[in-house]
2 protein chains.
Amino acid sequence: MGKISRKVDILHAASKVVSEKGIFNLTLDATAKEAGISKGGLLYHYPSKEALVQGMVEHLANNYREKISNNAESDPVDKGKWVRAYVDVTFNQAYQNKDMHYGLLAAKAVSSNSLDPIRELYSDWQYKIEDDGIDPIKATIIRLATDGIWLSELFDIYHIEKDKKKAVYEKLREWANE
Amino acid sequence: MGKISRKVDILHAASKVVSEKGIFNLTLDATAKEAGISKGGLLYHYPSKEALVQGMVEHLANNYREKISNNAESDPVDKGKWVRAYVDVTFNQAYQNKDMHYGLLAAKAVSSNSLDPIRELYSDWQYKIEDDGIDPIKATIIRLATDGIWLSELFDIYHIEKDKKKAVYEKLREWANE
DNA sequence: TTTAACATACCATCTGGACGGTACACTTTC
DNA sequence: GAAAGTGTACCGTCCAGATGGTATGTTAAA
């Protein structure tokens, strides 16, 4: 897209490779080709495959963190705002560049440390969600159900239908207000 | 363990490799070594890497299907029995040979078709859960939350604490009775 | 003219899997 | 009942191809 950040373009290219061809085909060659540069050019920006995957995870984590923060902070009601933000962003906003989730798949494959930024995010959210003014177990369940949707979709084991997804979304939102 | 089924031993060995060393190190050599046989011997039982992974997924799917069926059929109360069976088995029984879940990770990496047995299971359960005598959306949420736990654990992005897990379990069971 | 942003050529290593054997338990044939 | 044949369960070696990464250009902007 923009010429400003070729690095982000490369990240998108890598995600596309993973989503279309699987983790085993996330090679430097394939990523470079998808990004329209040579392998040398790719290695200039990301000096190793691990660095590339790290970049994917960090980009995803930063985007996600920012979106949820914005959402929670602009919520007029205090009680349950983090739970609502989590549900809202995951259901409605994160799916636009859903391909970026594939960075997690790659990270899980490459090395265990690569997932650290996401783990940190999660433990942070869990803390906020449990202190959100609603029953913490209920809040946790709402969060887990939300995770269940995107994880099973990322994993490709279960794709929920649009209508059902909307109904689930509405019920979860309802619970986040009680 | 038993000498009866070397094939199952091999499957366990492969799962162990994935869980300990990651998907990229699931090689025929590593699996053979872990199983205590040679590569040639391994290839006798599973003629290709894809066949090995296929074996892992099928084994997991069969075990899971059987456990849930037994659980549901022995439930004295009809209403909500499939939802309860799903929650019960996933929380309390599937975690004994949790390592087998790593077959899914391997399958996702190797080829898209390898996951078919699990997809079939899932669509089957979804059907039963929606026709279980309780509100289908609520039933779906219970199921999604259950998935959220094991998927995020498998993915290694969020590990729920024991106490919290128990509390979640009890609340989900409670909802499955309403 | 220096430096950022690439491209090209090349190498060392790893991996799947094909293949030729081996050991041994059955079974059939004579 | 011994010899010959047959199927099962392995072992160890070899190799073509793919892959991550290095080393060394090249070009265009500042």
Side-chain angles (χ1 to χ4, degrees), chain A residues 1-57 59 102-103 105-114, chain B residues 1-57 59 102-103 105-114:
Chain A
M1 325 252 149
K3 290 161 205 166
I4 312 147
S5 180
R6 303 287 280 114
K7 292 192 87 173
V8 176
D9 290 353
I10 291 171
L11 261 25
H12 276 103
S15 299
K16 201 175 172 193
V17 171
V18 176
S19 88
E20 285 176 359
K21 298 180 183 166
I23 308 168
F24 280 164
N25 293 308
L26 177 68
T27 62
L28 297 180
D29 263 324
T31 307
K33 203 172 179 185
E34 180 68 45
I37 57 172
S38 70
K39 201 162 98 176
L42 168 63
L43 283 165
Y44 169 77
H45 291 287
Y46 296 99
S48 71
K49 192 176 177 179
E50 204 169 332
L52 172 66
V53 171
Q54 198 70 25
M56 294 168 82
V57 174
H59 185 76
Y102 286 92
L105 230 46
K108 177 68 189 158
V110 168
S111 95
S112 53
N113 301 32
S114 331
Chain B
M1 319 281 149
K3 292 160 202 166
I4 313 145
S5 181
R6 303 288 280 113
K7 292 192 88 173
V8 175
D9 290 351
I10 291 170
L11 261 26
H12 276 103
S15 299
K16 201 177 172 192
V17 171
V18 175
S19 87
E20 285 176 2
K21 299 181 181 165
I23 308 167
F24 281 164
N25 293 307
L26 177 67
T27 62
L28 297 181
D29 263 325
T31 306
K33 203 171 180 185
E34 180 68 45
I37 56 172
S38 74
K39 202 161 102 174
L42 169 62
L43 284 165
Y44 169 77
H45 292 288
Y46 294 99
S48 71
K49 193 177 177 180
E50 205 170 330
L52 172 66
V53 172
Q54 197 70 25
M56 294 167 83
V57 175
H59 185 76
Y102 286 92
L105 231 46
K108 179 67 189 158
V110 168
S111 97
S112 52
N113 300 34
S114 331

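The chains referred to below are lettered A, B, ... by the order of the sequence lines, with proteins before strands, and numbering in each begins at 1.
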What residues in residues 22-32 of chain B put a non-hydrogen atom under 4.0 Å from any atom of DNA chain C?
B:L26, B:T27, B:L28
For B:Y44, enumerate each residue passing the ring pair (Phe, Tyr, Trp, His ring centres under 6.0 Å) test, keeping only those at least two apart in sequence or located in another chain.
none
With a 4.5 Å heavy-atom cut-off, do B:L52 and B:V110 have their side chains touching?
no
Residues at least two apart in sequence or cross-chain that pass side chain to side chain contact (heavy atoms under 4.5 Å, CB included) with A:S48, listed by chain then number, are A:E50, A:A51
Please report the end-to-end axis angle for the helix from C:dT1-D:dA30 to C:dC30-D:dG1, five pairs per end, rounded to 10 degrees.
10°
Distance, nearest 0.5 Å, that separates OG1 of A:T31 from CG of A:D29
8.5 Å
Rounded to the nearest 0.5 Å, what separates atom NZ in B:K21 from atom CD in B:E34?
7.0 Å
Sequence neighbours excluded, the answer for side chain to side chain contact (heavy atoms under 4.5 Å, CB included) partners of A:L43 is A:L28, A:K39
Terminal contacting nucleotides, 5' and 3', DNA chain C versus chain B (heavy atom, 4.0 Å)
C:dT15 to C:dG17
Working to the nearest 0.5 Å, report the span between NE2 of B:H45 and CG of B:D9.
9.5 Å
Taking the side chain from A:K49 and the backbone from A:L26, do they hold a donor-acceptor pair closer than 3.5 Å?
yes
Can you give the first and last nucleotides of DNA chain D, 5' to 3', that have an atom under 4.0 Å from a heavy atom of chain A?
D:dT19 to D:dT22
Does anything in residues 37-51 of chain A reach DNA chain C, meaning a heavy atom under 4.0 Å, and if so which residues?
A:I37, A:S38, A:G40, A:G41, A:Y44, A:H45
Output the distance between atom OG (A:S15) and atom CD1 (A:I10), rounded to the nearest 0.5 Å.
12.0 Å
From CG (B:N25) to CD (B:E20), nearest 0.5 Å
11.0 Å
Got a second to check how far A:L42's CG is from A:K7's NZ, nearest 0.5 Å?
11.0 Å
Heavy atoms of A:S114 and A:V53 approach each other most closely as CB-CG1, 4.4 Å
Write down the atom of A:M56, the atom of A:G103, and the distance for their closest heavy-atom approach.
CE-CA, 3.5 Å
